[in-house]
Amino acid sequence: MDTNRLGHSGLRVPALSFGTGTFGGQGPLFSAWGNSSVAEARRLIDICLEAGAHLFDTADVYSNGASEQVLGAAIKGRRERVLISTKTSLPLGEGPGDAGSSRDFAAVQTFVGLEQQQPKHATSIAGK
């Protein structure tokens, strides 16, 4: 798998990433995409790693956080072999603090995602 340098971060990322929108499969939108269990997610991750794709994409809105939980469980014991990209800012509720791209919202949602994925460490890279 071809890799590319991610800006000045020192990280090398594969040319392809794997989206985890089907992990967890909760809610009307994401259940229509699929409902990958931890065992199924683990097998999909095995296939990706065998092919050299070690970057997995998730978001706080995927199945109301269930995607991050399934991803965390599926990579358990091999966290050092993967990179995870995530996104925030889409609405998670009706309240005024339940969406947006503010520093506070991004920090809180990143923390929630990390709790669900349970990594040993995290690196934050902000674009210019």
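R79 contributes a side-chain N or O that, together with a main-chain N or O of V82, makes up a donor-acceptor pair within less than 3.5 Å. Side chain of S9 to main chain of L11: a donor-acceptor pair is present (N/O by atom type, distance under 3.5 Å, no hydrogens or angles). No side-chain donor-acceptor contact under 3.5 Å links E50 to the backbone of I47.
Note that the CZ atom of R78 and the CZ atom of R42 stand 7.0 Å from one another [nearest 0.5 Å]. Taken to the nearest 0.5 Å, the CG atom of N4 stands 9.0 Å off from the CG atom of L6.
Applying the ring-ring contact (aromatic ring centres under 6.0 Å, His included) test to residues at least two apart or on different chains, the pairs with a partner in residues 60-82 are F30-Y62. Listed by first then second residue, pairs satisfying side chain to side chain donor-acceptor pair (under 3.5 Å) with a partner in residues 15-24 read T20-T58, T20-S67, T22-S36, not counting sequence neighbours.
Nearest heavy atoms, G25 versus S63: N-OG, 3.2 Å. Across all their heavy atoms, R81 and L49 have their closest contact at NH2-CB, 3.8 Å.
Ion pair R12/D2 not flagged as a salt bridge, since none of the NZ, NE, NH1 or NH2 atoms sits closer than 4.0 Å to an Asp/Glu carboxylate oxygen.
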Between L44 and F18, does a side-chain contact (heavy atoms from CB on, under 4.5 Å) hold up when you go through it step by step? CA-CA 9 Å; L44 291 168; F18 184 86; 4.0 Å; yes

Evaluate the criterion side-chain contact (heavy atoms from CB on, under 4.5 Å) for residue pair I84 and L71; output intermediate values, then yes/no. CA-CA 9 Å; I84 299 171; L71 177 61; 4.0 Å; yes

Checking F56 against I45 for the side-chain contact (heavy atoms from CB on, under 4.5 Å) test, could you report, in this order, the C-alpha distance in whole Å, the side-chain angles of both residues, the deciding distance, and whether it holds? CA-CA 9 Å; F56 298 90; I45 290 169; 3.7 Å; yes

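A heavy-atom distance below 4.5 Å is found between the side chains of P14 and H54. Side-chain contact between L83 and V13 is present, with at least one heavy-atom pair separated by less than 4.5 Å.
Within the hydrophobic cluster formed by Ile, Leu, Val, Met, Phe, Trp and Tyr side chains joined at under 4.5 Å, directly or through other members, L16 is accompanied by M1.
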